[in-house]
Amino acid sequence: MRNRIAELVQSSLHAALSAQELCTTQLPAVIIGTPASPEHGDFSCNIAMQMAKGERKAPRQVAEILIRHLGNGNGLLAKTEIAGPGFINFFVSAGAWQATLLEVESGGAAFGRTSSGGGKKVQVEFVSANPTGPLHIGHGRGAAIGDTLCRILDASGWDVTREFYYNDAGAQISNLALSVQSRCLGIEPDDTRWPADGYQGEYIKDVARAYLARETVEASDQHTVASGDPNDLDAIRGFAVAWLRREQDLDLAAFDVRFDVYTLESGLYTEGRVEAVVGKLIANGHTYEQDGALWLKTTDFGDDKDRVMRKADGGYTYFVPDVAYHQAKWERGFTRVINEQGADHHSTITRVRAGLQALDIGIPKGWPEYVLHQMVTVMRGGEEVKISKRAGSYVTLRDLIDEVGRDATRFFFIMRKPDAQLVFDIDLAKQQTNENPVYYVQYAHARICSIFENAAEKGFRAPENPAVSDLALLTTTEELQLIKMMNALPDTIDDCAVHFEPHRLTYYLTELASCFHSFYNKNRVISDDAVLTTARLYLLKRTAQTLRNALAILGISAPERM
RNA sequence: GCGCUCGUAGCUCAGCUGGAUAGAGCAACGGCCUUCUAAGCCGUAGGUCAUAGGUUCGAGUCCUAUCGGGCGCGCCA
């Protein structure tokens with residue numbers, strides 16, 4: 001609907017120009033807004049105010065000219081008026097609104113989807129947790145935001161590849177292997193022989209037990225058998241990583257999050273990609289030796305200090321394989337790459353981008369793009385739960401799914417914009433689940449389903465593909481408001497995709513549900529008036545469809561009964 | 001100290017590439033179930049949009065400074 005208004009304004013502009021009533025050559029973009037107050041119409045346009053200066057006319061005068069050339073768009077508009085300092089307000093006719101219900105029906109499960117992405121490739125990397133422990137609540141937020149963003153990009157017409165990167169080659173992994181080995185040998189964390197930065201969590205015991213028992217780890221892309229030899233550190237490392245990766249996979253599956261591609265950091269070494277990147281950076285003259293280490297001049301690319309690439313002990317710092325990894329993404333043809341990660345890692349952005357610029361292979365400056373989510377604070381019993389990965393004290397994603405439920409957990413995580421810190425109060429989420437907005441939205445769907453059941457008993461059912469004239473009875477404020485909200489779904493999805501802000505969809509759903517609940521309380525669906533009953537059943541059929549479609553993009557179920 | 005980020009109702013937060021009288025949920029108060037699910041609806045009350053300047057027809061939104069919270073500033077990832 002918004003686009004149709006924009007097209008009308010566009011053609012009106014051109015008509016006014018060719019009639020020489022306007023003279024602006026550099027036309028500003030036509031932006032159609034939605035007024036805060038209903039008395040200002042369904043849509044508004046501020047273009048007259050923007051053009052007023054160039055035209056040397058009063059804004060209202062410009063608006064008047066535009067309206068004269070506007071027409072009513074084949075019955076689309078009931079009224080057009082100039083208001084305030086020079087807004088043009090559009091009042092869409094009830095008939096035009098009612099007709100949009102047929103578009104919802106023909107769209108079916110695809111209603112809401114747009115083609116803004118043009119089928120272009122985009123890769124989204126998210127979660128990318130180290131395989132050194134179970135996924136915790138912070139990973140959960142990353143998983144929810146990343147996954148929802150993928151669903152949103154997919155819904156707005158992008159060809160999305162979901163990717164998970166495993167740091168399975170650094171110091172933390174050696175640390176993990178030593179910790180498991182110690183457990184295998186019966187060494188406890190308070191023992192003097194316990195590794196300095198060892199992982200103390202209970203799960204390390206489980207890994208050690210499984211390793212000694214010569215268990216096999218089966219997962220989608222791996223098959224690892226434990227040798228059971230506590231002195232074989234390499235074997236322990238391989239087994240521990242495989243074991244923990246499987247645990248993470250299971251947690252993500254329970255959260256309904258899946259990936260298309262898993263990339264292992266160790267593979268970048270074995271394929272020689274890391275060495276190749278280092279060689280190229282040296283050859284391009286962006287490095288220097290100092291204090292026994294090799295440095296990259298990241299300051300040439302906006303960093304506040306240079307960074308060590310190769311440590312004095314000969315190992316590479318984490319961002320070197322990261323650069324190699326992103327070069328590989330580029331070579332795989334992803335001109336658009338989005339990385340979703342915690343804000344505590346924001347310093348990697350400058351470093352990785354600097355490394356990619358220094359390679360000088362035509363990668364744009366702002367590539368890849370990033371979505372950072374702020375930290376999650378966990379509250380339990382009115383107190384903050386301190387998270388220490390090494391000591392093994394934290395709330396896992398699995399705990400949350402088990403305690404709060406998948407739907408509510410997902411909704412809660414994406415309800416806030418990624419930029420804002422999130423307080424996850426477990427007691428509130430657990431004990432007062434009825435206060436969670438996800439139930440408000442799901443309840444709307446269940447209520448509608450219940451009405452259909454009652455209607456069927458009385459012999460009523462929603463028609464298929466009705467004539468627009470059959471919908472002419474849908475004229476109450478609540479009915480039209482409901483239709484307008486459904487209509488806003490495609491725009492909402494596009495907005496979410498453009499701004500990387502999934503939370504807007506949760507607010508959309510709350511509003512849509514609110515429109516339904518208001519309608520429900522004020523209007524009776526099933527009545528003696530068969531024509532009206534049928535029309536209203538059709539309205540609710542489309543409402544339920546819209547609720548389901550939007551919930552699906554959030555990865556949340558639409559229950560038929562609650 | 002430097003960088004990133006946030007600061008909006010008592011609390012938790014929205015505010016759509018600058019737009020008209022700043023919104024929602026919770027908490028408070030008052031109403032609505034003999035008829036389709038009250039996990040709901042309607043109403044009342046609650047604001048110096050952290051502070052001070054600036055940009056313009058117009059600022060919660062953009063710019064600068066200050067204050068306050070979070071994160072980062074490692075030859076960890």
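Labels below follow one simple rule: chain letters A, B, ... track the order of the sequence lines, proteins then strands, and each chain is numbered from 1.
Base orientation for C33(B): syn, the chi torsion being within 90° of 0.
Comparing the P positions of C62(B) and U5(B) gives a spacing of 11 Å, expressed to the nearest Å. Comparing G19(B) with C6(B), their C1' atoms are spaced 25 Å from each other, to the whole Å.
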Show the atom names and distances, to 0.1 Å, of all donor-acceptor pairs under 3.5 Å that link a side chain in residues 41-49 of chain A to residues at least two apart or in another chain.
{"residue": "Asp42(A)", "atom": "OD1", "partner": "Lys484(A)", "partner atom": "NZ", "Å": "2.7"}
{"residue": "Asp42(A)", "atom": "OD2", "partner": "Val92(A)", "partner atom": "N", "Å": "2.8"}
{"residue": "Asp42(A)", "atom": "OD2", "partner": "Trp97(A)", "partner atom": "NE1", "Å": "3.3"}

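Nearest heavy atoms, His373(A) versus Glu340(A): ND1-OE2, 2.6 Å.
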Polar atoms only, N or O, under 3.5 Å: list the protein pairs with nucleotides 36-38 of chain B and their distances.
{"residue": "C36(B)", "atom": "O4'", "partner": "Arg524(A)", "partner atom": "NH2", "Å": "3.3"}
{"residue": "C36(B)", "atom": "O3'", "partner": "Asn454(A)", "partner atom": "ND2", "Å": "2.8"}
{"residue": "C36(B)", "atom": "O2'", "partner": "Asn454(A)", "partner atom": "ND2", "Å": "2.3"}
{"residue": "C36(B)", "atom": "O2", "partner": "Ile526(A)", "partner atom": "N", "Å": "3.2"}
{"residue": "C36(B)", "atom": "N3", "partner": "Val525(A)", "partner atom": "N", "Å": "3.0"}
{"residue": "C36(B)", "atom": "N4", "partner": "Tyr520(A)", "partner atom": "O", "Å": "3.1"}
{"residue": "C36(B)", "atom": "N4", "partner": "Asn523(A)", "partner atom": "O", "Å": "2.7"}
{"residue": "U37(B)", "atom": "OP1", "partner": "Ser450(A)", "partner atom": "OG", "Å": "2.3"}
{"residue": "U37(B)", "atom": "OP1", "partner": "Asn454(A)", "partner atom": "ND2", "Å": "3.0"}
{"residue": "U37(B)", "atom": "OP2", "partner": "Ser450(A)", "partner atom": "OG", "Å": "2.8"}
{"residue": "U37(B)", "atom": "O2'", "partner": "Tyr443(A)", "partner atom": "OH", "Å": "2.2"}
{"residue": "U37(B)", "atom": "O2'", "partner": "Arg447(A)", "partner atom": "NE", "Å": "2.9"}
{"residue": "U37(B)", "atom": "O4", "partner": "Ala446(A)", "partner atom": "O", "Å": "3.4"}
{"residue": "U37(B)", "atom": "O4", "partner": "Met562(A)", "partner atom": "N", "Å": "3.2"}
{"residue": "A38(B)", "atom": "OP2", "partner": "Arg447(A)", "partner atom": "NE", "Å": "3.4"}
{"residue": "A38(B)", "atom": "OP2", "partner": "Arg447(A)", "partner atom": "NH2", "Å": "2.3"}

Polar atom pairs (N or O), protein with nucleotides 54-61 of chain B, under 3.5 Å:
{"residue": "C57(B)", "atom": "OP1", "partner": "Lys53(A)", "partner atom": "NZ", "Å": "2.8"}

At a cut-off of 3.5 Å, list every protein nitrogen or oxygen paired with a nitrogen or oxygen from nucleotides 47-51 of chain B, distance to 0.1 Å.
none

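If you take CE on Met415(A) and CG on Leu509(A), they are separated by 12.5 Å, rounding to the nearest 0.5 Å.
Residue Asn89(A) is classed as a base contact, given a heavy-atom separation below 4.0 Å to a base.
For the side-chain contact (heavy atoms from CB on, under 4.5 Å) test with Gln341(A), the passing option among Ile145(A), Val371(A), Thr348(A) is Thr348(A); the others fail.
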Which nucleotides of nucleotides 2-14 of chain B have their base under 4.0 Å from a protein heavy atom (B), which only their sugar-phosphate (S), and which neither (-), written as one string 5' to 3'?
-B-SS-----SSS

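Where pairing requires Watson-Crick or G-U contacts shorter than 3.5 Å, the helical stems of RNA chain B with at least three consecutive pairs are B:1-7 with B:67-73, B:10-13 with B:23-26, B:28-32 with B:40-44, B:50-54 with B:62-66.
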